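Bear in mind the structure is a predicted one, so any value in this text is a computation, not a measurement. Here is how names work: the chains are called A, B, and so on, in the same order as the sequence lines, proteins then strands, and each is numbered from 1.
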Number of protein chains: 2
Amino acid sequence: MDDSPQLPKLDDLLCFNVYALHHSLGRFYHSAFGDVGFTYAKFVALLALNESGPMSLSALSAKTGVEANSLSPLIKKMASFELVERVRDPEDERRIQLAILPFGRTILERASKLVEDNWAQMGISPEDIAAVTRVLAKTKCALDTTSPRKLTIPAPGKPED
Amino acid sequence: MDDSPQLPKLDDLLCFNVYALHHSLGRFYHSAFGDVGFTYAKFVALLALNESGPMSLSALSAKTGVEANSLSPLIKKMASFELVERVRDPEDERRIQLAILPFGRTILERASKLVEDNWAQMGISPEDIAAVTRVLAKTKCALDTTSPRKLTIPAPGKPED
DNA sequence: ATAGATTAATTCGTGTACGAATCAATCGTA
DNA sequence: TACGATTGATTCGTACACGAATTAATCTAT
């Protein structure tokens with residue numbers, strides 16, 4: 001009898017390829033940035049702040065796709081390194097306003113240059129990158145607006161529901 | 001004067017789109033699997049073991065792209081749930097042999113069905129998925145065979161090197 | 001036969017990620 | 001004016017990820 005014919009091949013799964021590439025990117029950027037305590041997550045936060053100007057922590061969360069409770073400690077650490085400035089909004093004291101600092105911009109520019117140089121050698125065409133980026137963004141939107149069905153499992157030894 | 005014209009736009013970066021999609025996938029699969037203590041990482045491990053048959057932990061690491069030191073505690077936990085079996089290879093006692101167990105195959109089949117059903121509603125065409133998957137795999141290979149240049153930073157207040 | 005090199009897995013420490021809960025501030029309604 | 005609802009940020013606990021170090025087993029060269 002067939003060996004679970006309906007199960008997909010790992011390498012054919014979009015999710016798995018994103019998952020595996022994300023890990024490779026993590027290792028790659030840790031290798032590039034790790035010696036100076038910099039990370040890709042910090043890079044993304046700086047890029048977003050530099051691109052769009054000062055914004056609240058929740059606006060940065062929306063722009064980067066990272067939950068606010070992950071950004072809060074990350075931004076605190078970045079502030080302690082003088083990469084960014086974080087101040088309470090006097091008009092609404094619930095809100096933290098964030099802005100990139102000159103040192104942060106220096107680090108961002110150096111990191112961006114390094115990333116650009118490294119990627120120039122990868123041999124991935126701009127057309128491929130643009131096409132893939134579009135599908136990834138579309139997929140993310142679809143995911144973010146869908147509530148998945150939940151996995152249920154039978155307890156070992158019990159009849160399945 | 002221009003505002004850092006050479007810096008890329010966040011949304012145009014392949015890396016950022018992979019990063020952001022990976023997080024959305026994490027939330028999506030946690031929502032689908034989290035109530036029963038299952039995760040996407042476990043799903044990937046089961047899929048790999050089911051697809052390729054019994055293998056060593058380092059072979060599973062190579063197949064999934066996850067470092068062995070992450071797999072070791074993960075597989076131990078999966079073994080404690082009777083999803084997989086882990087035994088020392090009598091021919092080489094450095095090596096752990098892994099195999100999926102019947103309960104693991106049950107969970108895998110249910111999870112795969114659920115994932116397939118959920119994804120059917122995403123509206124991403126099989127052609128798009130195939131094309132994107134190819135570029136992501138190619139990018140991963142390029143990354144894994146490249147040593148990046150390292151970021152260096154000037155200390156605050158010191159002249160740049 | 002032995003010792004050094006290499007391999008496979010494990011543990012430790014650290015980083016990022018998120019669901020849930022909590023707290024303070026603001027808003028809207030009665 | 002007061003109270004409940006909502007919002008924004010923070011903390012906590014847990015999961016996964018990886019570099020480095022460690023341990024045990026195997027291999028290779030002398």
- So which heavy atom on A:L10 is nearest to which on A:N17, and how close? O-ND2, 4.3 Å

- If you check the B:H23 side chain, which of C:dA17, D:dC16, C:dA25 turns out closest? C:dA17

- Note on the structure: Taking every heavy atom of A:D144 against every heavy atom of B:R27, the minimum-distance pair comes out as OD1-NH2, 3.8 Å

- Nearest to side-chain heavy atoms of B:A68, which nucleotide of D:dG8, C:dT10, D:dA9: C:dT10

- Query: Have B:R95 and B:S58 got a donor and an acceptor in their side chains that come within less than 3.5 Å?
  - Reply: no

- Query: If Ile, Leu, Val, Met, Phe, Trp and Tyr residues are connected whenever their side-chain heavy atoms lie under 4.5 Å apart, and connections chain through other members, are B:L74 and B:L57 in the same group?
  - Reply: yes

- Message: I want to verify a distance call: between C:dG15, D:dA9, C:dT7, whose nearest atom is closest to the B:R94 side chain?
- Response: C:dT7

- ring-ring contact (aromatic ring centres under 6.0 Å, His included) partner of A:Y19, the single match among B:F28, B:Y29, B:Y40: B:Y40

- Query: Does a side-chain N or O from B:R95 land closer than 4.0 Å to OP1 or OP2 of C:dA8, or not?
  - Reply: yes

- Message: Using whole Å, what does the distance between atom C1' of nucleotide D:dT7 and atom CD1 of A:I96 come to?
- Response: 14 Å

- What is the nucleic acid contact for B:Y29, judged by heavy atoms within less than 4.0 Å: base, sugar-phosphate only, or nothing? nothing

- Message: At less than 4.0 Å, is any side-chain N or O atom of B:K42 found next to OP1 or OP2 of D:dA15? Yes or no.
- Response: no

- Item | NZ on B:K138 to CG on A:D128, rounded to 0.5 Å | 6.0 Å

- Message: What's the closest nucleotide to the side chain of A:D92 if the choices are C:dT26, C:dA9, D:dA25?
- Response: C:dT26

- Message: To check you understand the geometry: which heavy-atom pair defines the closest contact between B:L14 and A:T133, and what is its length?
- Response: CA-OG1, 3.8 Å

- Message: Let me spell it out: for each of A:H30 and A:R88, pick the nucleotide of DNA chain D with the closest heavy atom. Which residue's pick is nearer the 5' end?
- Response: A:R88

- Ordered by number, residues from residues 70-78 of chain A within less than 4.0 Å of DNA chain D (heavy atoms) are A:S72, A:K76

- Atom of A:M122, atom of B:A142 and distance for their closest heavy-atom approach: SD-CB, 3.6 Å

Taking N or O atoms only and anything under 3.5 Å, show me the protein contacts with nucleotides 20-23 of chain D, one pair per line.
from: D:dA20; atom 1: N6; to: B:N69; atom 2: ND2; distance (Å): 3.1

- Between D:dT10, D:dA15, C:dC18, which one does the side chain of B:R27 approach most closely? C:dC18

- Query: In whole angstroms, how far is the C1' atom of C:dT7 from the CG atom of B:L57?
  - Reply: 13 Å

- Side-chain contact, heavy-atom cut-off 4.5 Å: B:M78 with B:R86? no

- Quick one: B:H22 NE2 to D:dA15 C1', roughly how many Å, whole number? 12 Å

- Please state how far atom CG in B:D144 lies from atom P in D:dA17, giving the value in whole angstrom units. 15 Å

- Task: Search all heavy atoms of A:S56 against all heavy atoms of A:Q97 and return the closest pair with its distance.
- Result: N-OE1, 3.1 Å

- Task: Report which part of the nucleic acid B:Y19 touches: base, sugar-phosphate, or nothing (heavy-atom distance under 4.0 Å, all strands).
- Result: sugar-phosphate

- Select base, sugar-phosphate, or nothing to describe what A:S31 touches, counting heavy atoms under 4.0 Å on all strands. nothing

- Which nucleotide sits closest to the side chain of A:E93: C:dC18, D:dT26, C:dT26? C:dT26

- Interatomic distance, A:E91 CD vs D:dA9 P [rounded to whole Å]: 14 Å

- Message: Taking the minimum atom-to-atom distance to the side chain of B:A41, which one of D:dC16, D:dA25, C:dA9 wins?
- Response: D:dC16

- Query: Rounded to the nearest 0.5 Å, how far does CG of B:N118 lie from NZ of B:K113?
  - Reply: 10.5 Å

- Message: So if I take every side-chain heavy atom of B:E67 and compare against C:dA9, D:dC18, C:dA8, which nucleotide ends up nearest?
- Response: D:dC18

- Task: Give the rounded distance in Å between these two atoms: CG of A:L25 and P of C:dA17.
- Result: 13 Å

- Message: D:dT7, OP1 or OP2 - any side-chain N/O from A:S58 closer than 4.0 Å?
- Response: no

- Once you round it to whole Å, what is the distance between P of C:dA25 and CG of A:D89? 14 Å

- Query: CD of A:Q97 versus C1' of D:dA9: gap in Å, rounded?
  - Reply: 13 Å

